[in-house]
Amino acid sequence: MKPSGRQSIVQGAVILTASTLIVKFVGALFKIPLANILGGLGMSYFVSAYDVLIPIYSMTVTGLGVAVSRMVSQQGEGNGSAASILKTARVMFFIIGSCSAALLFFGAAPLTGLIGNPSAALSVCCIAPSVLFSCLSSAYRGYFQGRQNMLPTAKSQILEACVKLVAGISAAWLIHSNLTASAAAGTLGWPGTPQQIELRILQYSAAGAVLGVSFSTLCGLLLIRMQYRKTRIDGRGRYSGAAAGQLCRIALPIALTSLCANLTTVIDLSSVMNCLKNAVLRGGDTILQMYGGCIPPEVSAEVLPEYLYGSYSGLAVSVFNLVPAVTAGIGMSAVPAIARYCSCGDDRSLLHSVETVMATTAAVAFPAGLGIFTFSGEILAFLYPHQPMEAAIVAPTLRIMGLVTILIAFSGIFNNILQASGMEKTPLAALFIGGLLKMLTNLLLVSRPDLNIHGVAYGSLLCYSFILLFGACRWFRVGRPFAGAGILLKPALSAVLCCIAARMTYRLLFSRFGNGISLLTAIAAGGVVYLTMLFWLKFIKSAEICLAFSGKNKRK
C-alpha cells in the first residue's frame with residue numbers, strides 16, 4: 001500500500017521544479033528592495049553572511065538530507081525502519097547543526113576578517129541559527145522525499161521564502177529608518193563622524209535582514225515537522241548506531257559534490273574582497289576616477305572594496321542567477337529518463353532525450369542571457385531606482401555575466417547528463433579545475449585597478465567555458481550520441497534577432513517614455529519576435545517540450 005501523498009517521479013520533478021521557480025522569484029523580490037534599502041555597502045555585509053554560510057550549508061544540509069532520502073527509499077513500508085532513520089537523523093543533525101551554528105556565531109569575527117570584510121561579523125552571527133534549523137528541516141525533507149512525497153519539501157521552501165521576504169525586508173527597513181531618524185535628530189548617541197555612523201547603521205540594518213532569514217528557516221522547520229506529525233504512518237522509531245554510520249558513509253561524497261558545485265561562490269568569497277583591497281592599494285585614484293560620480297561621499301578608500309563587492313553581489317548576482325535556476329529544473333526533470341535509457345542501452349531514445357533537454361535549455365538560456373547582455377544597464381536602473389550609483393558601476397559586469405548565464409546553463413545540463421549516465425567523477429573534475437582557473441583569474445584580474453570588480457565576470461567566463469567544454473568532450477569521447485548543432489542554432493539565431501528588435505524598440509520609445517515603460521515594451525516586442533522565429537523555424541514541437549518534463553519517448 002502506498003503512503004499517502006506519494007507521487008510518481010514525473011510529478012515529483014514537476015513539484016520541485018515549480019517550487020524552486022517560486023522560491024527564486026520570491027528571492028529576487030526580496031533582494032531588490034533590500035538592495036534599495038542597504039545600498040552597495042550594506043549588501044556587502046548581507047551577502048558576505050550568506051556566502052560564509054554556503055560551504056557549511058553544503059556540507060551539512062544538502063549532503064545529509066539526500067542521504068536520509070536514499071536510506072528511507074530503500075526501507076520497507078510500515079515496518080518502522082524509516083521512522084528509526086528519521087529519529088537517528090534528527091539526533092545527528094541536531095548535534096551537527098548546533099556545532100556548525102556555534103562555529104559561525106563564535107567564529108564570525110575571524111571568518112569575516114579572513115574574507116576581508118570584518119564589518120559583516122554581526123550579520124554572520126545573526127545567520128548562525130539558520131544552520132541548525134535547516135539541518136533539522138533537511139532530516140524531515142529527506143524522509144518525505146524518500147517516501148516519494150515532494151509536497152512537504154515544496155511547501156516548507158515556499159513558506160521560508162515568503163517569511164524571509166516579509167520579515168527580512170521589514171526588519172531591515174525598520175532598523176534603518178529608525179536609526180537614521182535618531183541620527184538625524186542627534187539622539188542616537190553613537191560616537192564618530194556622520195560617515196562612520198552611517199556605516200554602523202548599515203551593519204545593523206543588514207543584520208536585521210539576516211535575522212529575518214534565520215526566522216524564515218525556523219518557520220519552515222515548524223511547518224514540515226507539523227506535516228510529519230499529521231502523516232506519520234510508521235511509529236516513532238529509535239536511534240540506531242548502524243543507521244548513523246550508514247548516513248555518514250552516504251552523506252560524505254554527496255556533501256563534497258555539493259561543495260564543489262558551489263566552488264565559484266566560495267572562491268569569490270575568499271578572494272574577491274582581498275583582491276579588491278590590493279587593487280585599491282595599487283591604484284585607488286584610478287578606481288575613483290574610473291567611477292567618477294558613482295562613489296557616495298561616505299565611501300572612503302578604506303571601505304571601497306566592500307562597496308564594490310556589495311554592488312556586484314547584491315545587484316548583479318541577483319539578476320543573472322535567475323537563468324541558471326530555471327534551466328537547472330529542466331535538467332533535473334530529464335535525469336530519470338536519461339539514466340534509464342543509458343542503463344538499457346537504448347541509444348535512439350537517449351539521443352532524443354539529450355536533444356530535447358538541450359533544446360529546451362537553449363530556448364530559455366539564449367534569449368535570457370543575450371537579453372541581459374543587451375539591456376544590463378537598463379535592467380539594473382529599472383530594478384534598483386534608488387541605487388543608481390551601484391547600478392552604473394556593475395552594469396558592465398552584468399553585461400559579461402549575461403553570456404556567463406548561457407555557459408552555466410549548458411554546463412549544468414551536461415553535468416546532469418553525465419551524472420545520470422554513471423560518469424559522476426567527470427563533473428567533479430571539471431568543477432575542480434574550473435575553480436582553480438577562477439581563483440587564478442580573480443587573483444590576476446580583480447587585483448588590477450583598471451579592472452577591479454569587472455575581473456570577476458571574466459573569471460566566471462573562463463571557468464564555465466572550461467567546465468562546458470570539458471563535459472561536452474567527455475560525452476563525445478565515450479561515443480554518446482548528440483546531433484545538436486542544428487538544435488542550438490535555431491534558438492540562438494532567434495535570440496539574436498529578438499535582442500535586435502528589442503533594442504530598436506527601446507531606442508524609439510526611450511526619449512518619450514523613459515526607461516521603465518520603454519524597457520518593458522522592448523522586452524515584450526522581443527518576445528514576440530522570438531516566438532515567431534521559433535515557430536517559423538519549426539523549432540517548437542509539442543512532443544519535444546513534453547519529453548523534457550515527462551521523460552517519455554514520443555518518437556515512433
Side-chain angles (χ1 to χ4, degrees), residues 49-50 52-75 80-108 111 124-147 149 152-153 155-157 159-160 163-164 167 210-256 258-259:
Y50 249 103
V52 166
L53 179 67
I54 284 177
I56 297 177
Y57 190 93
S58 299
M59 293 293 290
T60 56
V61 176
T62 304
L64 296 173
V66 175
V68 172
S69 175
R70 284 181 54 177
M71 289 183 62
V72 169
S73 67
Q74 295 169 357
Q75 301 303 312
S81 297
S84 295
I85 292 171
L86 177 60
K87 176 69 174 181
T88 303
R90 286 204 308 249
V91 173
M92 289 180 59
F93 291 12
F94 178 80
I95 296 173
I96 294 172
S98 298
C99 293
S100 300
L103 173 65
L104 273 183
F105 185 85
F106 294 107
L111 281 173
V124 173
C125 290
C126 291
I127 209 170
S130 67
V131 181
L132 173 60
F133 303 144
S134 297
C135 276
L136 293 174
S137 293
S138 70
Y140 289 103
R141 290 173 181 174
Y143 171 84
F144 280 115
Q145 290 170 14
R147 291 292 198 186
N149 183 3
T153 296
K155 290 178 181 178
S156 64
Q157 288 175 336
L159 176 66
E160 281 187 20
V163 173
K164 178 176 71 173
V210 172
L211 273 180
V213 174
S214 294
F215 178 67
S216 72
T217 58
L218 173 61
C219 292
L221 170 61
L222 294 177
L223 175 64
I224 201 166
R225 185 175 183 275
M226 180 177 65
Q227 291 175 310
Y228 169 72
R229 291 170 67 89
K230 287 182 178 180
T231 60
R232 183 169 55 201
I233 62 173
D234 47 10
R236 294 183 178 276
R238 297 180 178 179
Y239 178 84
S240 168
Q246 189 177 0
L247 273 172
C248 291
R249 288 192 297 272
I250 295 175
L252 183 59
I254 298 174
L256 291 175
S258 176
L259 181 63

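Although no hydrogens or angles enter the test, the distance criterion places no donor-acceptor pair under 3.5 Å between the side chain of Ser100 and the main chain of Gly97. Not a single donor-acceptor pair under 3.5 Å links the side chain of Thr217 to the backbone N or O of Phe133.
Listed by chain and residue number, Arg141 satisfy the side-chain hydrogen bond (donor to acceptor under 3.5 Å, both in side chains) test with Ser156 (two or more places apart in sequence, or in another chain). Evaluation of the ring-ring contact (aromatic ring centres under 6.0 Å, His included) rule for Tyr140 yields Tyr228 as partners, not counting sequence neighbours. In this view, Phe106 and Ala102 satisfy the side-chain contact (heavy atoms from CB on, under 4.5 Å) rule, not counting sequence neighbours. Residues satisfying the side-chain contact (heavy atoms from CB on, under 4.5 Å) criterion with Leu111, sequence neighbours excluded, are Val52, Leu104. Applying the side-chain contact (heavy atoms from CB on, under 4.5 Å) test to Ile95 and every residue at least two apart in sequence or in another chain returns Val91, Cys99.
Of all heavy-atom pairs spanning Glu160 and Ser137, the tightest one is OE2-OG, 4.5 Å. Taking every heavy atom of both residues into account, Ser216 and Val213 meet most closely at OG-O, 2.5 Å. Here the shortest heavy-atom pairing between Phe215 and Ala167 reads CD2-CB, 4.2 Å. What you find for Val163 and Cys219 is that their closest heavy atoms are CG1-SG, 4.0 Å. Heavy atoms only, all atoms of each residue included: Phe93 and Cys135 are closest at CD2-O, 3.0 Å. Closest heavy-atom contact between Ala49 and Val210: CB-CG2, 4.3 Å.
For the atom pair Leu211 CG and Ser130 OG, the distance stands at 10.0 Å (nearest 0.5 Å). Put simply, CE on Met226 and CD1 on Ile224 are 10.5 Å apart, with the number rounded to the nearest 0.5 Å. Within the model, atoms OG1 of Thr153 and CD of Gln227 stand 8.5 Å from one another, a figure rounded to the nearest 0.5 Å.
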